[in-house]
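Here's the structure, in structure tokens; my notes come after.
The structure presented is a predicted model; accordingly, all values stated were derived computationally and were not measured. When a ligand or atom number is given, it counts from 1 through the structure's own listing order.
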Amino acid sequence: MLRTLPVDNLIRLNMKPMADINCTFDQHGDPNGDRLLLQALWDDLRARREFLTSPYLPACFAFFIHILLCSPFLVFEALGCFWPRMHFYRISRNAEPLGLCLQRWVDCFWRIFIKYLTTILPASALYQSVRNPIFPELAPSWRVLIAEVIACLLLFDALFFIWHYSMHRVPWLYRIVHQAHHQNRITFALTAQDASPAELLSLQVLALTSAWVVGCHPLSEALFHLLNTWLAVEDHCGYDLPWALHRLLPCFGGAPFHQAHHHVYRGNYAPYFRHWDWLCGTYLRVREEAGRKHGGRTMRRRRRRKSLGSDCVCMCTYNKA
Ligand SMILES: [Zn+2]
Ligand SMILES: [Zn+2]
């Protein structure tokens with residue numbers, strides 16, 4: 001949205017009107033702001049407006065990005081079948097042969113693919129054909145981009161917490177909408193979107209609502225959707241990797257936090273951050289963290305011992321905070 005200076009003020013200041021000097025200010029940042037690279041990227045995207053407004057693009061893009069972000073974890077799992085040390089950071093151990101591991105991924109892939117084809121694709125195509133996408137001339141500044149993405153993540157986290165908590169508290173809602181997602185007690189990256197069509201749609205609605213309420217620039221919205229997909233994959237990946245976001249920023253729950261929810265079917269309802277569960281008394285503390293505080297040796301020893309053990313050993317125990 002463009003904002004112009006009042007003409008009266010310009011005449012008083014002996015300046016030319018806005019249209020003459022072609023000077024515009026944008027609510028998404030100051031004109032001399034740090035948006036040099038962003039502007040080039042945004043100009044490039046604007047030139048492909050026809051393609052970007054295709055009704056089938058959002059669903060196809062969401063599906064392929066999800067598969068792409070999951071693929072490194074498939075490599076981890078496959079290598080782990082031959083080389084158990086690859087499972088060093090795995091939260092729950094699945095000592096299963098490669099065939100079984102791949103079968104789980106293939107089954108999950110087809111379940112998600114069919115739901116996208118029959119529900120997400122038609123619904124998002126319908127939404128795209130009725131909405132009127134806006135392509136402002138200016139890109140946001142880096143500061144605005146980061147602020148808008150953080151605001152979207154915080155809002156989505158709060159909305160999802162309420163929705164997720166409600167699904168667990170209302171039995172028919174759980175049965176119809178959420179139960180399909182809990183068929184995976186031990187999660188792997190692809191299971192982030194292994195949910196009922198109603199739940200997948202509801203997550204899209206919550207994400208779009210968050211971006212709409214924040215009123216963010218389309219570039220910020222795209223980055224938010226991308227981050228949203230990555231965080232969901234990381235939550236379900238089943239690995240507590242040293243470079244995971246929750247290790248760098250402790251306000252994030254990460255994979256151990258969400259895996260605890262899948263293990264005990266309650267608590268840790270927020271998707272990304274810890275604060276709502278902590279404030280509402282639904283926070284499940286992962287006991288594994290205690291071991292790490294003392295140099296992580298206890299857990300490492302336990303992992304080594306159990307890596308030689310049973311078919312499926314849960315490495316975590318949970319306490320209510
Ligand atoms: Zn989950
Ligand atoms: Zn749940």
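Using cut-offs of 30° and 60° for the angle between ring planes, the H262 and H181 rings count as perpendicular. Ring geometry, Y174 versus H178: the interplanar angle exceeds 60°, so the pair is classed perpendicular (tilted spans 30 to 60°).
Residue side and main chain included, H182 places no N/O/S atom under 2.8 Å of the Zn ion (ligand 1). Using a cut-off of 2.8 Å, one finds that H258 contributes an N/O/S atom close to the Zn ion (ligand 1). Taking 2.8 Å as the criterion, H261 counts as a coordinating residue of the Zn ion (ligand 2), since one of its N, O or S atoms falls below it.
A distance of 6.0 Å or more separates the ring centres of H246 and F257.
Under a 3.5 Å cut-off, the side chain of H261 and the backbone N or O of G267 do form a donor-acceptor pair.
Under the 4.0 Å criterion applied to side-chain N and carboxylate O atoms, D107 and R111 are not assigned as salt-bridge partners.
The atom name of the N/O/S atom in H236 closest to the Zn ion (ligand 1) is NE2. Taking the Zn ion (ligand 1) as reference, the nearest N/O/S atom within H181 carries the name NE2.
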